[in-house]
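Residue numbers begin at 1 in each chain, while the letters A, B, ... track the order of the sequences.
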Amino acid sequence: MALLESKTVALVGNDAVAEAMRQVNPDVVAAYPITPQTDIVQTFSAMAADGLVKTELVNVESEHSAMSACIGAAASGARVMTATCSQGLALMWELLYIASGLRLPIVMPNVNRALSAPINIHCDHGDSMGARDSGWIQLFSENAQEAYDNIIQAVRISEHPDVYLPVMVLLDGFIISHAVDRMDLMEDEKVRNFIGERSEPYTMLDSKNPTCVGPFDGLYGYFFEFKRQQEEAMKNSFQVIQDVGKEFEKISGRSYGLFQTLGMEDAEFVVIAQGSGAGTIRHQVECMRSSGIPVGMIKLRSFRPFPAKQLVELLSGVKAVAVFDRSDTFAGGMGGPVFIELRSSFYEQEKKPLITNYIYGLGGRDLSIALVKQAMQEIHEMASSGRVKQMVNYLGLKE
Amino acid sequence: MATEEILEIRWHARGGQGAVTAAKTLAEMSLTQDMFFQAFPEYGPERMGAPIQCFNRLSKERISTYCGVTNPQIVVVVDPTLLDVVDVTTGLTEYGTLLVNSPENPSEIRKRMNIEGRKIYTVDATHISFDALGRFMPNIPMLGALLKITGLISKDEATNYLKESFGKKFPQKVVDRNIVALERAFEEVKGE
């Protein structure tokens, strides 16, 4: 640790995010507070007021205005960040598409919280999953350390010339945002050297090379081509996310890719999860592996882009796969969003595993060890019997 | 790693009595011992005076469980009036420990609450806090008693930590008084 010159601290997830933002020292932050993200804005505002950052902090009257201000600032060439969650993200909706369509590298932590109704302030992934088709890169974090690390990497990913897409860094509301956890902070200088200066192909403020940002495209314009190129940028981001992760490992000792695996070399059945739930599940996977049960797991970090090819390669030889989703799609029996993506990824494959879905933890319902054990037992039975009992399961319902 | 190797603690208090701060301070103190830890409140709107819970996990190894604590090895009751309001022994493990802010002896608590087995400790944190701080703020004496019975960190290490950490946030007088409260609880906690 001494070699890496890191500092071990006790921080809640939101403060870890604010600390990463301080180190990134963005030119502009426009944000509006909302539970459970509030502490990020509050702590960062205090940092700005204390002169710890050179950031121009824009206090806005809503999330719609927050993202609008971020878009304007990013288009002028500034390095820009904001933070939100749940209803706040929902209020940003139309601007999310504008940020990605204009190819603006904005980094936004989203503290995952359920969308009402009923009114609920607790964790699920329904808010960010709704934005899955908005053209933003979405990276999940298991804990405070990963949230901190993801934000630093997100700056590099979003500003990469092959990408130029906004990035959402996801962390679980309350479970991570409000819990004190042990983590390592990097030195300011190391972070600043890692992220470097913002690169910009065009800037509105360059009077010698004037550009027009966001004009009406008309019926005979290039809207379609813009959208196709956004998809290409998303494809490019696979490599960039992995490259940035490797480079980050060199300075932090912590490795990052599109996902993280455990026990995949001999696994007969595999669990896929994201966020803090992946931590609780890993605990159980480790317990089961120590008793010789051939279970493996994949913790999905990158949901957008979705690493279908790599996941299919890893999973085509296993007997059974269970996807844990902390949100639903209300498609009438299709299951959660990660499940739908993964199941669809196997369509062309002749060799494929049995696949089942566990929807859990909506509105903050606890994913207890007992529930994980129950699901694991069912998946083990599914792998042994070669039969899927039920495609979509709701784990931990009271009804 | 197995759950048995993680020490899980549940705190019962009322909003405004500093239990969340105590749980966070415990996490920070365990960092000085190079341990891994979590400290988290029962998530919801905090209301002054309403019963609240918060939790700790402590371990020598990395902790990856992010679920609620349902079977704590230790329960700390910061406010004695909660004994009649909340079932504080819910989920407490068979060989678990109950630490109560009370002027009574542990045997009296045991009899009154009809508890079999388990260890019971009491410390009069209310009295200590009035003496040392001049007001009802039982969190730091309860933390002192908890540190004593777990042996997690020594009295000197704990007071040194408070000097350094509280010294950054509070006037010297407040720091000194909290240290007195912590030390007294270390000495006065009794158990059976």
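The side-chain heavy atoms of B:Thr70 and A:Ser368, taken from C-beta on, include no pair separated by under 4.5 Å. The side-chain heavy atoms of B:Phe40 and A:Val180, taken from C-beta on, include no pair separated by under 4.5 Å. No side-chain heavy atom of B:Ile63 sits under 4.5 Å from any side-chain heavy atom of A:His283.
Among residues two or more places apart in sequence or in another chain, the salt bridge (charged side-chain N to carboxylate O under 4.0 Å, His left out) test is passed with B:Glu104 by B:Arg112.
In the displayed structure, B:Lys111 atom NZ is contacted under 6.0 Å by at most 12 heavy atoms of other residues, nucleotides or ligands. Within 6.0 Å of CD in B:Gln33 there are more than 12 heavy atoms belonging to other residues, nucleotides or ligands. In this structure, B:Glu94 places its CD atom where only 12 or fewer heavy-atom neighbours from other residues, nucleotides or ligands lie under 6.0 Å away. In this structure, B:Lys155 places its NZ atom where more than 12 heavy-atom neighbours from other residues, nucleotides or ligands lie under 6.0 Å away. Residue-environment remark: CD (B:Glu192) exceeds the threshold of 12 foreign heavy atoms within 6.0 Å. The neighbour count for A:Leu397 CG, taken as heavy atoms of other residues, nucleotides or ligands under 6.0 Å away, is above 12. Other residues, nucleotides and ligands contribute more than 12 heavy atoms inside 6.0 Å of the NZ atom of A:Lys299.
For the pair A:Arg182 (side chain) and B:Met35 (backbone), a donor-acceptor distance under 3.5 Å is present. Between the A:Asp366 side chain and the B:Gly68 main chain, a donor and an acceptor come within less than 3.5 Å of each other. With A:Thr280 contributing its side chain and B:Thr65 its backbone, the two residues share no donor-acceptor pair below 3.5 Å.
With a 4.5 Å cut-off on non-hydrogen atoms, A:Gln284 does not touch chain B at all. With a 4.5 angstrom heavy-atom cutoff, A:Val9 touches chain B only via backbone atoms. With a threshold of 4.5 angstrom between heavy atoms, B:Asp34 approaches chain A through its backbone and through its side chain.
The minimum heavy-atom distance linking A:Ala10 with B:Leu31 is given by the pair N-CD2, 3.8 Å. Across all non-hydrogen atoms, the minimal contact from B:Pro41 to A:His178 is CD-O, 3.6 Å.
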**OP:** Given side-chain hydrogen bond (donor to acceptor under 3.5 Å, both in side chains), test B:Tyr66 with A:Asn143 step by step and report yes or no.
**Re:** CA-CA 9 Å; B:Tyr66 294 100; A:Asn143 49 32; 3.1 Å; yes

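Put simply, CD1 on A:Ile176 and CD on B:Gln38 are 7.5 Å apart, with the number rounded to the nearest 0.5 Å.
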